[in-house]
Amino acid sequence: MADYTSLEEIRLQKVEQLRAAGIEPYPTRAQRTHTSKEAVAAFEAVEKDGKEIQATLTGRIRAMRSKGKLTFAHIEDGAGRIQIFLRINEIGQEQVDFFNKKFDLGDFIEVSGVLMRTRTGEITLLVYEFSLLAKAISPLPAAKDEVLEDGTVIRHAALEQPELRARQRYADLAVNPEVRETFRKRALLVKALRDFLDERDFLEVETPILQPLYGGAAARPFVTHHNELDQDMYLRISFELYLKRLLVGNLERVYEIGRDFRNEGVSYKHNPEFTQLEFYWAYADYLQVMEMTEQMVAYACEKVTGTTRVTYQGEELDFSPPWKRIQMSQGILDVSGIDINAYEDGDALFRAIKEKYPEKTPDPKSTRGKLIDFLLSEFLEPTLIQPTFLYDYPRDISPLAKSKPGDPLTVERFEGYAAGFELCNAFTELNDPLDQEQRFIEMGRDYDADDEEQHPMDEDYLRAMRYGMPPCGGFGMGVDRLAMLLTDKHSIRDVLLFPALRNEE
RNA sequence: GGGCGCGUAGCUCAAUGGAAGAGCAGUGGCCUUUUAAGCCAUUGGUUCUGGGUUCGAGUCCCAGCGCGCUCACCA
């Protein structure tokens with residue numbers, strides 16, 4: 001049983017009073033002839049001819065101004081806001097009083113009448129009939145909007161607590177229209193990515209979320225259990241190994257947009273579940289994937305924002321191709337002065353880092369690849385503000401990527417960066433089953449047995465690959481991260497409708 | 001998980017260790033073109049929770065819970 005506040009008690013009483021008066025506060029059906037936006041457009045179209053437009057509108061009461069014998073209110077629907085006007089001339093004093101006494105901010109109502117323009121010029125529905133669609137018991141956590149002459153809206157005492165906004169996203173959405181806009185943009189983004197790939201003959205597929213083995217990335221998984229099969233299952237940490245099995249099956253171009261789950265820390269750019277796009281493209285290599293990536297992101301950016309230049313946290317990012325390309329060892333040399341090519345094993349590289357940067361503290365047990373990753377995130381990443389591809393990665397942190405011909409320490413892999421963080425990751429896929437098996441074994445050896453990030457040996461994946469996998473390029477991107485960039489949000493929580501939060505009790 | 005910060009009315013916020021307040025929302029009234037409507041009156045509090053110090057705690061101390069920022073892990 002809920003504890004009601006005094007404000008809620010009053011509204012509950014109104015519900016009883018309405019029922020006692022034979023009015024159902026939650027009627028089953030509603031109807032409308034126009035959205036708020038359509039009503040305004042319809043009125044503007046015939047205003048000059050003096051023709052009358054009748055309309056029935058539905059929406060939520062967001063502002064109310066009663067002047068005794070007349071009442072102005074604003075209702076809000078999915079399309080926007082519109083003013084309504086109730087007057088004793090049309091409906092009588094009793095009805096005006098009823099509206100004022102029994103209806104509250106937040107209630108959903110249906111209003112019928114004639115469109116008009118008030119003395120101050122606002123297009124308004126003059127109401128002849130009104131009814132309740134759904135009574136709000138709890139007041140929406142917002143005060144008032146002030147609309148300035150130039151149209152800018154100042155919200156007074158808006159819902160601002162980040163915790164409340166995330167926990168009660170329904171209230172946040174109801175009260176902050178720009179939040180609805182953010183999620184519309186997010187939907188546009190996903191649609192744009194899908195359209196782009198569909199147009200290029202990529203087949204959208206769905207692969208298991210519940211997996212008997214996890215793989216395809218370095219992350220700790222969520223573990224669950226299937227009762228009937230009596231076996232532990234993992235929530236996938238990537239789609240990679242399943243999508244590549246499909247290439248063995250002669251599906252040449254596949255992609256999936258879906259949820260990944262990683263049992264890691266939560267931060268402004270990490271949520272335990274997040275949306276990933278992966279595609280695999282037979283007969284392509286990482287350079288072709290690179291080219292398609294910049295086209296795809298620019299396309300999505302343009303569809304979402306109308307341009308390929310967006311402002312992110314005060315910086316203008318230009319996603320139009322081609323993006324800057326930096327070969328990784330060269331990039332690290334440029335910013336840190338350390339030539340990773342001069343050190344073929346982890347110990348040597350570690351000593352070089354400690355000598356040049358005694359204050360930096362990489363883990364001394366790190367592999368060469370992990371040390372390079374350290375240099376990368378320490379020195380290079382923060383400088384990658386404009387969209388940039390970093391390419392040619394160390395082999396030992398890339399167990400699923402194909403080696404660069406003639407360079408045993410390096411694989412054909414790139415990552416896309418923007419605003420200083422990683423956006424996507426791609427490589428020429430390893431399709432040699434014997435090399436792949438060797439990599440799994442190396443990964444098992446390089447990480448401690450209790451390191452949950454180690455890639456488990458996936459025998460079925462190797463079995464698939466032994467049937468022959470075409471050479472191909474593969475790609476993965478955090479869709480939430482791109483959504484952050486395109487909506488200028490600092491935190492991933494702001495582009496997730498229901499971000500992960502600790503239990504309230 | 002570590003460090004720092006925050007938690008007061010439905011919302012946004014005040015309150016030197018000394019009487020818990022304001023605006024909006026709510027309630028009652030006045031008001032026939034308002035728009036943060038206005039005017040008059042008025043209701044509303046486990047100051048996150050539990051301990052402690054003190055004559056006295058919203059304020060200081062300890063512990064817990066939640067959130068934010070940040071570092072680490074990771075996309």
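A, B, ... follow the sequence lines: proteins, then strands. Residue 1 opens every chain.
- Nucleic acid contact class of A:F421 (heavy atoms, under 4.0 Å, all strands): none.
- Judged by distance alone, with hydrogens and angles left aside, A:S6 brings no side-chain donor or acceptor close enough to the base of B:rU43 to form a pair under 3.5 Å.
- Formation of a donor-acceptor pair under 3.5 Å by the A:E16 side chain with backbone atoms of A:Q13 is not found in this model.
- The base of B:rU34 sits within donor-acceptor range of the side chain of A:R65, with an N or O pair under 3.5 Å.
- Counting any heavy atom pair closer than 4.0 Å across all strands shown, A:L7 reaches a base atom.
- With hydrogens and angles ignored, a donor-acceptor pair under 3.5 angstrom links the side chain of A:Q83 to the base of B:rU34.
- In the set B:rG66, B:rU32, B:rU34, B:rU32 carries the atom at the smallest distance from any side-chain atom of A:R87.
- Ring geometry, A:F202 versus A:Y255: the interplanar angle exceeds 60°, so the pair is classed perpendicular (tilted spans 30 to 60°).
- Contacts between residues 491-501 of chain A and RNA chain B, counted as heavy-atom distances below 4.0 Å, involve A:R493, A:L501.
- Listed for the A:T388 side chain is no donor-acceptor partner under 3.5 Å among the backbone atoms of A:R325.
- Put simply, A:F274 rests on the base of B:rA75: the two rings are less than 5.5 Å apart at their centres and nearly parallel, under 30°.
- Checked by atom type and distance alone, the side chain of A:E256 never pairs as donor or acceptor with a backbone atom of A:E204 at under 3.5 Å.
- For A:L70, counting side-chain heavy atoms from C-beta on, the closest listed nucleotide (B:rA75, B:rU32, B:rC11) is B:rU32.
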